[in-house]
Amino acid sequence: MQNYQLGIFNEEANIFNVTEYKVNENISSSRIKKALNNALHGKSEEIEVVVSFGKDILEVLAPQIQPKGFKNYVQLNGVNDFVMPSNQADLYFRVIGIDNSQVLDKTIQIQEALKDITTIVISENGFVYKDHRDLTGFVDGSANPKEEKKYLAAIVPEGEPAAGGSFVFHQKWVHDLVKFNELPVSIQEKVIGRTKPDSIELEGDAMPADSHVSRTDASHEGVAMKIWRRSFPFGSATEKGLFFIAYTCDPFRIDIQLERMLGNTKDGVYDQMMNYSKATTGAYSFAPSLEDLKTIL
Ligand code: HEM
Ligand code: MG
């Protein structure tokens, strides 16, 4: 039995940092591995780190790990000139905890260990906003799979290549909150597909085909495309949004949801949320099982 990285399923953390790094040209594998060891060295009971690798660097560092269907994320285009750009990088760290100081210390430890061999692509902090709401005011995470189902959704099963690992998708979204907040709540609820105060899914005729839930609650050949979401809101006076994070046993599930959001389906129906929020980054990485991770470090 391969053990997944524990931080993937942590639901207690309320302070987050994600930092994505591109490894510079002509850095040897042994130097990268040494830096990774320094980055991850030291344990704290209150901190968890999920480390994941872009396709190109995984091939260099660990050719023995071959997740099926792993690929670089390439920009997607949709109807209405919608764009979901790529910022595909090499090394991904999600540091989570309940203490701001510890999350920051770990984030800095990683950054200092990697600074001579990498360039930072993005570093974003976030926190749990109110009762697990996105900054639009809607609860985020309600339809995440529960109990055993979350492992089925997120972890490559036993018997498959790279079992115990998880495909990771990061996508930074910047909201136009002023525009969204101008909508009456009843319309906002139609954009999302759930009620605002208590996150009840709209039913029957009340659920529009172009709501966010309708576009992402998808099936393919009879299989529900379930994923495990661990997104976090971020915000300042300059920029507000959601750092979308999802773990999946198969990146195809994410692809389907993104294409449906973009309106790249026969009916051309797109996600109404695309009118109020803009994707500004996007990348796939792979979080190997703990056993596979040891073979890299
Ligand atoms: C559901 C917010 C982007 C996949 C939801 C819900 C909210 C939400 C409020 C309903 C409550 C819940 O079940 O969690 C957002 C925001 C986004 C965003 C604010 C960015 C602006 C995405 C992206 C994907 C996605 C990029 C897929 C790649 C899903 C899925 C569900 C969901 C699978 C559950 C659908 C169901 O089965 O009912 N999201 N989301 N979301 N979202 Fe998103
Ligand atoms: Mg549903």
Side-chain angles (χ1 to χ4, degrees), residues 11 73 75-76 78 82-86 124 126 128-146 149-150 152-154 167-177 179-181 183 185 188-204 206-220 223-235 239-265 270-285:
E11 294 185 65
Y73 175 79
Q75 173 173 314
L76 297 176
F82 290 137
V83 177
M84 291 182 177
S86 166
E124 200 70 61
V128 170
Y129 177 67
K130 298 182 179 168
D131 47 343
H132 295 268
R133 286 170 194 265
D134 168 65
L135 297 185
T136 54
F138 283 80
V139 175
D140 189 21
S142 309
N144 250 340
K146 312 278 180 306
K149 290 194 174 139
K150 62 183 172 224
L152 294 175
F167 295 91
V168 186
F169 181 61
H170 286 180
Q171 189 172 48
K172 176 177 169 176
W173 288 79
V174 177
H175 296 343
D176 186 340
L177 277 187
K179 190 174 172 194
F180 189 80
N181 288 331
L183 300 173
V185 169
Q188 293 179 359
E189 292 178 331
K190 290 194 177 303
V191 171
I192 300 294
R194 281 184 175 261
T195 60
K196 193 166 189 180
D198 40 11
S199 195
I200 310 281
E201 194 171 305
L202 305 185
E203 271 180 46
M207 173 68 99
D210 58 2
S211 73
H212 178 57
V213 167
S214 294
R215 301 323 291 157
T216 53
D217 187 0
S219 283
H220 179 76
V223 180
M225 301 282 99
K226 294 291 178 195
I227 59 174
W228 172 245
R229 288 170 292 133
R230 296 279 82 201
S231 309
F232 62 79
F234 61 86
E239 214 180 38
K240 302 126 187 97
L242 185 75
F243 200 94
F244 181 83
I245 298 174
Y247 297 94
T248 179
C249 59
D250 184 351
F252 178 72
R253 296 186 174 197
I254 309 254
D255 292 342
I256 289 222
Q257 294 180 13
L258 296 176
E259 298 289 10
R260 288 175 57 87
M261 290 176 75
L262 286 161
N264 294 333
T265 47
Y270 68 89
D271 191 328
Q272 282 304 305
M273 208 175 58
M274 303 281 302
N275 288 327
Y276 306 94
S277 194
K278 219 177 143 94
T280 63
T281 72
Y284 278 124
S285 55

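Bear in mind that the values here come from a model prediction, so they are computed numbers and not experimental data. Just so you know, ligand 1 is whichever comes first in the structure, and atom 1 is the first atom listed for that ligand.
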Practice task
Would you sort out whether Gln257 and Ile227 count as a side chain to side chain contact (heavy atoms under 4.5 Å, CB included), showing the intermediate values?
Solution key: CA-CA 10 Å; Gln257 294 180 13; Ile227 59 174; 3.3 Å; yes

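Phe244 CE1, 3.4 Å is the protein heavy atom nearest to atom 25 (C) of ligand 1. When only non-hydrogen protein atoms are considered, atom 26 (C) of ligand 1 lies nearest to Gln171 OE1, 3.3 Å. The nearest protein atom to atom 32 (C) of ligand 1, hydrogens excluded, is given as Arg229 NH1, 3.1 Å; this is a heavy-atom distance.
Near Met273, meaning under 4.0 Å from any of its heavy atoms, are these atoms of ligand 1: 3 (C), 15 (C), 16 (C), 17 (C), 18 (C), 19 (C), 20 (C), 21 (C), 40 (N). The distance from ligand 1 to the heavy atoms of Ser277 drops below 4.0 Å at these ligand atoms: 21 (C). Each of the atoms 12 (C), 13 (O), 14 (O), 34 (C), 36 (C), 37 (O), 38 (O) of ligand 1 lies under 4.0 Å from some heavy atom of Ala143. Those atoms of ligand 1 with a heavy atom of Gly141 less than 4.0 angstrom away are 12 (C), 14 (O). Heavy-atom contacts of Phe138 reach the following atoms of ligand 1: 9 (C) (cutoff under 4.0 Å).
Only the side chain of Asp134 comes within 4.0 Å of ligand 1, counting heavy atoms alone; its backbone N, CA, C and O stay farther away. At a heavy-atom cutoff of 4.0 Å, ligand 1 is contacted by the side chain of Leu258 but not by its backbone.
Remark: ligand 1 and His175 share no N or O pair separated by less than 3.5 Å (distance only, no angle test). When only interatomic distances are considered, the shortest N/O to N/O separation between Val213 and ligand 1 does not fall below 3.5 Å. Of the N or O atoms in His212, one or more lie within a sub-3.5 Å distance of an N or O in ligand 1. Taking only nitrogen or oxygen atoms, main chain and side chain alike, Met261 does not reach within less than 3.5 Å of ligand 1.
The CG atom of Leu242 sits 13.5 Å away from the CZ atom of Phe138 when rounded to the nearest 0.5 Å.
Salt-bridge annotation for Glu259 and Arg215: absent, with no side-chain N of the basic residue lying under 4.0 Å from a carboxylate O of the acidic one. Look at Arg133 and Asp140 and you find no salt bridge, because none of the NZ, NE, NH1 or NH2 atoms lies under 4.0 Å from a carboxylate O. Classification of Lys196 and Glu189 as a salt-bridged pair fails, no side-chain N sitting under 4.0 Å from a carboxylate O.
Under a 4.0 Å heavy-atom criterion, Met225 is not in contact with ligand 1.
Both the sub-6.0 Å distance and the 45° axial angle are not jointly satisfied by Lys278 relative to the ring of Phe82. Note that Lys179 lies in the cation-pi zone of Tyr276, set by a 6.0 Å cut-off to the ring centre and a 45° limit from the axis.
In this structure, Phe252 has its ring center under 6.0 Å from that of His220.
With hydrogens and angles disregarded, a donor-acceptor distance shorter than 3.5 Å links the side chain of Ser277 to the backbone of Val174.
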